[in-house]
*Asks:* 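Structure provided below as structure tokens; questions to follow.
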Amino acid sequence: MAAIDAVLDDAGLKNARVREFVHRYAELTGAERIEVVNASDDARLIQEALDAGELLPAGEGRYYSRSHPKDTARSEERTVVATNNPADKGVYNNWRPAQEMRPLLEERMRGKSAGKTMYVVPYLMAPPGSPLEPYAAGVELTDTRTVVLHMIRMARVGVDHINDLADQDSFVRAVHVTGDLENLGHGTEDDQRYFVTVADERTILHYGSSYGGNALLGKIAHGLRQAAYDGWASGEFLAEQFMLLGITDKQTGRTYHICGGFPSASGKTNLAMMLAPDALGDRYHVSFYGDDIAWLRVDPEDGRVYGINPEFGAFGVAKDTNEVTNPTAVDAIAEGTGTIFTNVAYNEDTGEVWWEGKTPRPPADPTGWRDWAGQLISERPADAKDAPWAHPNSRFTTTLANVPNIAEDYENPKGVPIDGIIFGGRTRDREPLIRAITDLAEGVYDGLTLGAEATFAAEGTEGVLRYDPMSMRPFMSYPEGRYAAHWLKVIGAATNQPIFAHVNWFQRGEDGRFLWPGYRDNLRPLLWLMRLRDGEVTGRQTPVGVVPTEDELELEGVDITPEDLETILSIDTVRWRQEMAYREEHLSAFQGLPEEIWEAHRRVAAALDEQ
Ligand code: GDP
Ligand code: PGA
Ligand code: MN
Ligand code: MN
């Protein structure tokens, strides 16, 4: 007891509620010692992690880590939202009673940090001074040093964020205990892992992983699940799995801001970091605000929707990141950036890293190369010779400030006014390149019926088509009907409404190739959307929204055949009519879905029937 107080005193941690929290879980987890973390501790912690072999050097100021081979993605099945109110049960939130889950998790965590350090990581999920700051403070307790190093990159970390709280109790209590990763019964009936957000007690208890969003509790658990619940409970804001970018037209001096949701590993990071294609670079500049989370509120002064990125860094998919697809990401993870790579391939002689799509072929000389699981490439068994070198969900972690096109005003506490909200995902057919929606209820309806192929970012489901409302399915914390109503209420309060759109970069031909070149060319449909909002183009009205005509898209320098272009700009009404029946079933599961959403559904269905 006295020893803990001495450490907290020494670290200048004054918040009495935080101190109680630290005491309680230090005792419960049996940690041998505690250490309070500030961002300025990074260099020392990196050195300790290198000395301990938890990180390996990957060039000047870059690091490599492998997670346990059973622990490489989020586990949606083991993720639970708990509250004290059974009415909070939704379709996707895996609701369980708080009075059941809290003791269960605390029992699993008991004594499991014996012999380890418990790091106390105070953090803020917002630019300092934001109107949403009251929801942004948290303290993560973790028994894993690499988790701390990720937190320092992904969130603003330091004791000041919790000492100065107006209400000393208004911080999220987040506890991460790794457990014995080898023996947690992954995927069996006796799976020991649990990732629980006790939303109405603002407490996060995660046991059984040290990977990504399972372990960095500021990001998904607080930034999405807890914040979405807080935004709804307070009536004040939305917390969404959205990227956020700006497009400046240098000719007019105007900047547009667009945010939007695609399921994990479906293109948010690449879109937000994109450079304008060469042919458009003289006129347009794209700036990066955020790649995974946006919090949205309406400013009462000007009646506009404002978006902030609560994060401080990016946790990006490595696969296919290269100079052509994403040159800004390549710069953001270059030497000297402090980047941590997770589960890519690694050369133990040279410290080089490699992943599929970094170069067209793997390094010709396999000397020193090991795959993501640590197997020497030169000694792979015959049946594993063709397996990827990097895990498909391998990642890089870097701070926002390392991204060369980071927006000048990315830390503006107020956020930026939102002109457009887009939804998208991996859809091999049906969804055109872009279809714009000008009506709020139809826009929300479109988000709720987002259907896409699941990806490697979650365990076990890759490639399966499934509905993923607003790309929030894994992060939904309260019932979907109320979620829809909350969207209508928050965005409906804006006097200047953003335009909505559904986008798809992933339509495929019969031979399986992508029809649209994607990446930097994705700026083109977004420019069209902003022109449509400004009344400069009219597009072509279809039953499912407004689609660009070929001559309205600036296509100079785009590598696409006229046939493929026609395909991605047309609506397959037969296929769409079929889809409407699935949507009806999907939406019917949502209790209390607002009548405006059903009306939107019926309007679209009727328009399709008239075709
Ligand atoms: P996020 O997880 O939603 O942020 O998605 P990322 O931006 O990290 O992209 C996930 C994967 O999709 C990466 O392997 C990207 O290279 C790939 N990707 C992203 N944008 C495009 C695109 O426009 N076209 C194609 N074909 N692939 C893309
Ligand atoms: P992603 O972020 O959306 O960029 O994949 C990580 C995650 O959602 O797990
Ligand atoms: Mn995400
Ligand atoms: Mn991403």
Side-chain angles (χ1 to χ4, degrees), residues 11-15 18 21-22 35-46 119-142 145-168 170-174 176 202 204 212-213 215-224 226-227 230 237 239 242-244 272 288-295 297 306-316 332 337-340 397-403 406-416:
L13 197 157
K14 300 196 187 77
N15 183 316
V18 173
F21 168 61
V22 172
E35 187 179 320
V36 178
V37 178
N38 290 284
S40 55
D41 295 318
D42 192 59
R44 176 181 53 82
L45 290 166
I46 287 275
Y119 296 93
V120 178
V121 186
Y123 65 83
L124 188 70
M125 295 302 291
S130 160
L132 294 176
E133 198 171 317
Y135 306 101
V139 178
E140 172 163 356
L141 309 178
T142 175
R145 186 158 34 207
T146 48
V147 169
V148 177
L149 293 167
H150 279 91
M151 277 298 284
I152 289 175
R153 283 154 183 74
M154 296 301 296
R156 293 164 176 90
V157 168
V159 291
D160 291 348
H161 299 309
I162 43 120
N163 275 343
D164 306 337
L165 294 176
D167 171 0
Q168 293 277 291
S170 68
F171 63 96
V172 168
R173 291 160 166 79
H176 166 244
R202 304 194 80 222
I204 296 163
L216 320 174
L217 302 184
K219 183 177 179 57
I220 287 169
H222 180 164
L224 286 174
Q226 182 65 56
D230 290 344
F237 68 106
F242 279 5
M243 62 86 217
L244 174 54
F288 172 72
Y289 286 91
D291 73 326
D292 199 42
I293 303 177
W295 291 1
R297 55 180 268 281
Y306 278 77
I308 60 162
N309 171 15
E311 299 196 272
F312 192 61
F315 180 62
T337 53
T339 300
I340 300 174
T397 308
T398 189
T399 52
L400 299 178
N402 284 329
V403 181
I406 184 75
E408 278 171 23
D409 58 344
Y410 82 103
E411 296 207 273
N412 181 344
K414 188 176 176 183
V416 290

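For clarity, every value in this text was computed on a predicted model and none was experimentally measured.
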*Asks:* Heavy atoms only: give me the nearest Asp291-Ala314 pair and the separation to one decimal.
*Replies:* OD2-CB, 3.6 Å
*Asks:* At what distance, to the nearest 0.5 angstrom, does OH of Tyr306 lie from CZ of Arg297?
*Replies:* 8.0 Å
*Asks:* Quick one: does Thr398's side chain have a donor or acceptor within less than 3.5 Å of a partner on Ala332's backbone?
*Replies:* yes
*Asks:* Testing the basics here: between Ala11 and Val36, what is the closest heavy-atom pair and its distance to 0.1 Å?
*Replies:* CB-CB, 3.5 Å
*Asks:* Which distance, rounded to the nearest 0.5 Å, do you find between the CZ of Phe242 and the CG of Leu224?
*Replies:* 10.5 Å
*Asks:* May I ask you to decide if Val18's main-chain N or O and Asn15's side chain share a donor-acceptor pair within less than 3.5 Å?
*Replies:* yes
*Asks:* Mind checking salt bridge (Lys or Arg N to Asp or Glu O under 4.0 Å) for Asp230 and listing every partner two or more places apart, or none if nothing turns up?
*Replies:* Arg202
*Asks:* Closest heavy-atom contact between Ala272 and Leu244?
*Replies:* CB-O, 4.2 Å
*Asks:* Throw together a table of side-chain donor-acceptor distances under 3.5 angstrom for residues 145-157, partners on residues two or more places apart or in other chains.
*Replies:*
unit_1	atom_1	unit_2	atom_2	d
Arg145	NE	Glu54	OE1	2.9
Arg145	NH1	Glu48	OE1	2.9
Arg145	NH2	Glu54	OE1	3.4
Arg145	NH2	Glu54	OE2	3.0
His150	ND1	Thr146	O	2.9
His150	NE2	Thr397	OG1	3.3
Arg153	NE	Gly338	O	2.7
Arg153	NH1	Asp42	OD1	2.9
Arg153	NH1	Leu149	O	2.8
Arg153	NH2	Asp42	OD2	3.0
Arg153	NH2	Gly338	O	3.2
Arg156	NE	Glu411	OE2	3.3
Arg156	NH1	Ala126	O	3.3
Arg156	NH2	Glu411	OE2	2.8

*Asks:* Return the minimal non-hydrogen interatomic distance between Lys14 and Asn163, and the atom names on each side.
*Replies:* N-OD1, 2.7 Å
*Asks:* Any side-chain to backbone donor/acceptor pair from Asn309 onto Tyr289? Under 3.5 Å, distance only.
*Replies:* yes
*Asks:* What do the steps show when you test Thr142 against Leu216 for side chain to side chain contact (heavy atoms under 4.5 Å, CB included), and what is the final call?
*Replies:* CA-CA 9 Å; Thr142 175; Leu216 320 174; over 6 Å; no
*Asks:* Report the distance from atom CD of Glu140 to atom OH of Tyr123, rounding to the nearest 0.5 Å.
*Replies:* 7.0 Å
*Asks:* Looking only at heavy atoms, what is the nearest atom pair of Phe21 and Ala174, with distance?
*Replies:* CZ-N, 3.6 Å
*Asks:* I need the Ser170 OG to Glu133 CD distance, nearest 0.5 Å.
*Replies:* 9.5 Å
*Asks:* Nearest 0.5 Å, what's the CG-NE2 distance between Leu217 and His222?
*Replies:* 10.5 Å
*Asks:* Tyr135 and Trp295: which non-hydrogen atoms are nearest, and at how many Å?
*Replies:* O-CH2, 3.8 Å
*Asks:* Kindly compute the distance separating CZ (Phe315) from CD1 (Ile220), expressed to the nearest 0.5 Å.
*Replies:* 8.0 Å
